[in-house]
**Student:** 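What follows is a structure written as structure tokens; I'll ask about it next.
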Amino acid sequence: MSVSSMTGFARTEGAVVFEKKRCDWFFEVKSVNGKSLDIKTKLPSRLEGLSMFIKNKAAEYFSRGSVSVYLEVELDGENKVKINEELLEQLAEKAVAVYAKYPEQMKKPSPGEILAIRGVVETAENKLSEEEEILLIEDIKKGFEFVCEKLLLDRR
């Protein structure tokens with residue numbers, strides 16, 4: 001039996017490349033002394049379902065310590081912003097015309113106010129399909145096993 005500390009740190013990262021998207025992820029896991037095994041997770045909301053897998057898998061590697069698991073996932077081009085140029089131009093022209101007609105009653109229109117009008121700025125979410133989500137989760141699970149092995153080595 002080898003001597004093992006309860007204090008350690010490990011990090012690993014990975015990426016899954018799909019047809020027109022790339023999804024990068026990384027784990028950071030740290031552990032400190034603790035009488036029993038206490039596992040805390042901080043995961044992206046869309047992957048909260050992995051919490052139980054992470055806790056069960058970590059329990060296979062560690063029997064004591066306070067273990068903090070942090071996962072970050074970034075989908076390349078997650079939100080794309082599109083500006084409706086035609087609508088923006090029409091609104092800007094109208095706003096300037098109204099201001100020119102009533103300068104004492106109005107303040108100058110600001111670009112922020114015009115951009116805030118519904119329909120001028122649109123966001124399109126770049127989401128994963130169900131199949132892509134499954135592949136991403138499989139890759140993340142493998143990555144978590146790898147980071148547990150790294151933490152186990154660091155604790156030794």
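Position 1 is the first residue of the sequence, and the numbers go up from there. Quantities reported herein were computed from a predicted structural model and do not represent experimental measurements.
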**Student:** Is it the case that over 12 heavy atoms from other parts of the model lie below 6.0 angstrom from the CD atom of E86?
**Tutor:**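 At most 12 heavy atoms, drawn from other residues, nucleotides or ligands, come within 6.0 Å of this atom.
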
**Student:** My understanding is that only residues two or more places apart in sequence, or in another chain, count here; which of them pass side chain to side chain donor-acceptor pair (under 3.5 Å) with K35?
**Tutor:**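 K35 satisfies side chain to side chain donor-acceptor pair (under 3.5 Å) with no residue once adjacent residues are dropped.
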
**Student:** Salt bridge (Lys or Arg N to Asp or Glu O under 4.0 Å) with E138: which residues, sequence neighbours excluded?
**Tutor:**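 Residues passing salt bridge (Lys or Arg N to Asp or Glu O under 4.0 Å) with E138: none at all.
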
**Student:** Working to the nearest 0.5 angstrom, can you tell me the gap between L91 CG and N84 CG?
**Tutor:**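 Reported to 0.5 Å precision, the distance equals 9.0 Å.
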
**Student:** With sequence neighbours excluded, tell me which residues meet side chain to side chain donor-acceptor pair (under 3.5 Å) with D24.
**Tutor:**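 Counting only residues at least two positions away or on another chain, D24 forms a side chain to side chain donor-acceptor pair (under 3.5 Å) with R22.
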
**Student:** As an exercise, state the distance from CZ of F18 to CD of E133, rounded to the nearest 0.5 Å.
**Tutor:**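 Taking CZ in F18 and CD in E133, the distance rounds to 8.0 Å.
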
**Student:** Which pair of heavy atoms, one from K150 and one from A10, lies closest together, and at what distance?
**Tutor:**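 For K150 and A10, the tightest heavy-atom pair comes out as CB-CB, 3.7 Å.
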
**Student:** Give the cluster check for I83 versus I117: same hydrophobic cluster or not, with ILVMFWY residues linked at side-chain heavy-atom distances below 4.5 Å.
**Tutor:**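 Per the 4.5 Å side-chain linkage, I83 and I117 are co-clustered.
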
**Student:** So which pairs with a foot in residues 83-114 pass ring pair (Phe, Tyr, Trp, His ring centres under 6.0 Å), sequence neighbours left out?
**Tutor:**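 Checked against ring pair (Phe, Tyr, Trp, His ring centres under 6.0 Å) - neighbours excluded - no pair reaches residues 83-114.
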
**Student:** Look at atom NZ of K30 and say whether more than 12 heavy atoms of other residues, nucleotides or ligands are closer to it than 6.0 Å.
**Tutor:**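 Open.
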
**Student:** Per the ring pair (Phe, Tyr, Trp, His ring centres under 6.0 Å) rule, what does the pair list look like for residues 135-156, sequence neighbours excluded?
**Tutor:**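 Qualifying pairs: F27-F144.
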
**Student:** Sequence neighbours excluded, which residues qualify as side chain to side chain donor-acceptor pair (under 3.5 Å) partners of K141?
**Tutor:**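 For K141 there are no side chain to side chain donor-acceptor pair (under 3.5 Å) partners, ignoring immediate neighbours.
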
**Student:** Rounded to the nearest 0.5 Å, what's the gap from CH2 on W25 to CG on L71? Could you check?
**Tutor:**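 Between W25 CH2 and L71 CG, I get 8.0 Å after rounding to 0.5 Å.
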
**Student:** Applying side chain to side chain donor-acceptor pair (under 3.5 Å), can you list everything that pairs with R11, at least two apart in sequence or on another chain?
**Tutor:**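 Testing R11 for side chain to side chain donor-acceptor pair (under 3.5 Å), a comparison that skips the adjacent residues, returns E13, E28.
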
**Student:** For the CD atom on E149, are there more than 12 heavy atoms of other groups (residues, nucleotides or ligands in this structure) within a distance under 6.0 Å?
**Tutor:**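 Above 12, so yes.
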
**Student:** Residues sharing Y70's hydrophobic cluster, by side-chain heavy-atom contacts under 4.5 Å among ILVMFWY, directly or via others?
**Tutor:**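 Answer for Y70: F26.
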
**Student:** Among residues at least two apart in sequence or on other chains, which ones pass salt bridge (Lys or Arg N to Asp or Glu O under 4.0 Å) with D38?
**Tutor:**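 Here the qualifying residues are K40.
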
**Student:** Cut-off 3.5 Å, no hydrogens considered: what does the side-chain donor-acceptor table look like for residues 47-58, sequence neighbours left out?
**Tutor:**
{"from": "S51", "atom 1": "OG", "to": "T41", "atom 2": "OG1", "distance (Å)": "3.2"}
{"from": "N56", "atom 1": "ND2", "to": "M52", "atom 2": "O", "distance (Å)": "3.3"}
{"from": "K57", "atom 1": "NZ", "to": "E60", "atom 2": "OE1", "distance (Å)": "3.1"}

**Student:** Could you tell me the separation between the CG atom of L75 and the SG atom of C23, rounded to the nearest 0.5 Å?
**Tutor:**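 That separation rounds to 5.0 Å.
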
**Student:** Restricting to salt bridge (Lys or Arg N to Asp or Glu O under 4.0 Å), what partner residues turn up for D139, sequence neighbours left out?
**Tutor:**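 Salt bridge (Lys or Arg N to Asp or Glu O under 4.0 Å) check on D139 returns nothing, list empty.
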
**Student:** May I ask you to decide if S129's main-chain N or O and E132's side chain share a donor-acceptor pair within less than 3.5 Å?
**Tutor:**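 Such a contact is found between E132 side chain and S129 backbone.
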
**Student:** Would you please name every residue forming a salt bridge (Lys or Arg N to Asp or Glu O under 4.0 Å) with E113, sequence neighbours left out?
**Tutor:**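 Salt bridge (Lys or Arg N to Asp or Glu O under 4.0 Å) check on E113 returns K107.
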
